[in-house]
Amino acid sequence: MKKVYVAMSADIIHQGHLNVLNEAKKLGDVIVGLHTDDVIRGYWRNPIMKYDERKEVIENIKGVVQVVLQDTLDQVPNLLDIKPDYVVHGDDWIEGSQKVFRDKVINAIKEWGGKLVEVTYTQGVSISKLDEQLAEIGITPQKRMKSLKELIYSKKPVRILEAHNGLTGLIVEKTKVEKNGKIKEFDGMWISSLCDSTAKGKPDIELVDLTSRLNTINDILEVTTKPIIVDGDTGGQIEHFVYTVKTLERLGVSAIIIEDKTGLKKNSLFGTEVKQTQDSMEHFSEKIKAGREARVTSDFMIISRIESLILKAGMDDAINRAKAYIEAGTDGIMIHSKEKDGKEIVEFCKRYNEIENKVPLVVVPTSYNFMKEDELVELGINVIIYANHLIRSAYPAMVNTAKSILENERSKEASSNCMPIKEILTLIPGGM
Ligand code: SPV
Ligand code: MG
């Protein structure tokens, strides 16, 4: 029998996969190169089914004689090993980001006279489409809550973007780009105190109360499935904080981040320009402990945000606080900095990595925005939060439109910067 090689992720099996495997079967014994969980994470997201589960499914498909592990997107290392007579693939890789892998395969199999057979792509079904359909079905609070921890312990970086209403939640949920053969998207949402307050026309001073914040959170929960991290400001009084933890956990929020400040909270990006007071290490540790005791499951994460660098209390203070908060049982540390050169973040990370019982590390690179995700991951950072970028980009666009209407005494000029009426009408499905 001839050997036929088919590479796939097979995360959700659909008729497109069966079509490719059926065509492969006609040519000989089918060997499936099954992508490892890391490969799937590398080009997209956490697989829904783990490698062993996917392997069991594929092994039981008629015509498949063997499943081998494929630990790179590139098939060539396995092909050199197996030297199949045929490689079978969908014809969707002739153009686009997967083309480089196709070229490599053609080059490699030439050596032993192997042939590439391309099967017509099954229109209307794809894993990303099925994924969207699954998202439309929705998610339970428990499943959503757990998903952040699962991501943090399996993927680097976990990429989070600010959302302050249902629409921005949908943007975070759905926006995807394809780059170098990888699908990039955000892993979850940050409900920023700054953006939530700004969207309500209020200052970021813990003025917008929990009930009002919960309205925003609920709007986002209703139309999305990705994990949510809530900016909990200082967490307030310990006696109040325990209730906040219970409420958020019950709703299916994945984490709350509280900052070690006390008194009237001002936004950290003001730094020392305004009066801001750091909480004592001991009192804040008590708050963390109380929050931990209040939650029902350990799936809900309580993350401690250190303000020592913002308030110029020094690197030693920041590191000592990290150790104390870890001791108090925090599930993660967020280190904040408003320096543009990123140097203090680099230094903090180096020292933080030496802490033996360290927990996942979160950053908000608003000021040191020149640093790329790879660089931050290299420093040991697990979660990157883009904390305010949707509202900051929307506001100037809206002001320009308002000004244009005033200046021109009509909306014609402004319309070129607006989305077409047809698009706004159909943006949210179900309106017709
Ligand atoms: C927020 O987004 O509200 C934050 C992050 O707390 S920062 O504005 O940088 O302090
Ligand atoms: Mg905030």
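For clarity, every value in this text was computed on a predicted model and none was experimentally measured.
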Within [range] or reaching into it, pairs that qualify as ring pair (Phe, Tyr, Trp, His ring centres under 6.0 Å) - sequence neighbours excluded:
range	result
residues 156-190	none
residues 315-339	F284-Y325
residues 222-254	none

Taking the basic N atoms (NZ, or NE/NH1/NH2) and the acidic carboxylate oxygens, is any pair closer than 4.0 Å for [X] and [Y]?
X	Y	answer
D209	K202	no
K55	D52	no
R213	D231	no
K358	E356	no
K289	E286	yes
D260	R305	no

_salt bridge (Lys or Arg N to Asp or Glu O under 4.0 Å) for E339 and K312? Distances and angles first, verdict last._
CA-CA 11 Å; E339 295 306 317; K312 302 286 171 218; 2.7 Å; yes
_Partners meeting side-chain contact (heavy atoms from CB on, under 4.5 Å) with D219 (sequence neighbours left out)_ = none
*Under the criterion salt bridge (Lys or Arg N to Asp or Glu O under 4.0 Å), which of K155, R159, K179 is the partner of E373?*
R159
Give me the atom names and distance for the closest heavy-atom approach of [X] to [Y].
X	Y	result
A387	S192	O-CB, 3.4 Å
T36	R54	C-NH2, 3.7 Å
V253	I228	CG1-O, 3.4 Å
G291	V242	N-CG1, 4.4 Å
R351	M315	NH1-CG, 3.7 Å

*Residue from V105, V100, D103 passing side-chain contact (heavy atoms from CB on, under 4.5 Å) with W93*: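 Of the listed options, the one satisfying the test is V105.
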Judged by modelled atom types alone, do [X] and [Y] share a side-chain donor-acceptor pair under 3.5 Å?
X	Y	value
T216	K200	yes
Y368	D341	no
T262	Q278	no
T198	Y395	no
T168	E162	no
D233	S193	yes

_Among E307, K261, K266, E259, exactly one meets side-chain hydrogen bond (donor to acceptor under 3.5 Å, both in side chains) together with Q276. Which residue is that?_
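Checked E307, K261, K266, E259 against Q276; only one passes side-chain hydrogen bond (donor to acceptor under 3.5 Å, both in side chains): K261.
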Side-chain donor-acceptor pairs under 3.5 Å in residues 141-148, sequence neighbours left out?
unit_1	atom_1	unit_2	atom_2	d
Q142	NE2	D299	OD2	3.2
R144	NH1	T224	O	3.4
R144	NH1	T224	OG1	3.0
R144	NH1	K226	O	2.8
R144	NH2	L221	O	2.9
R144	NH2	T224	O	2.5
S147	OG	R144	O	2.6

*Quick one: are L194 and S197 in side-chain contact, heavy atoms under 4.5 Å?*
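With C-beta onward as the side chain, the pair stays apart.
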*Output all residues satisfying ring-ring contact (aromatic ring centres under 6.0 Å, His included) with F348, sequence neighbours left out; order by chain, then residue number.*
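In terms of ring-ring contact (aromatic ring centres under 6.0 Å, His included), with neighbours along the sequence ignored, F348 is linked to Y352.
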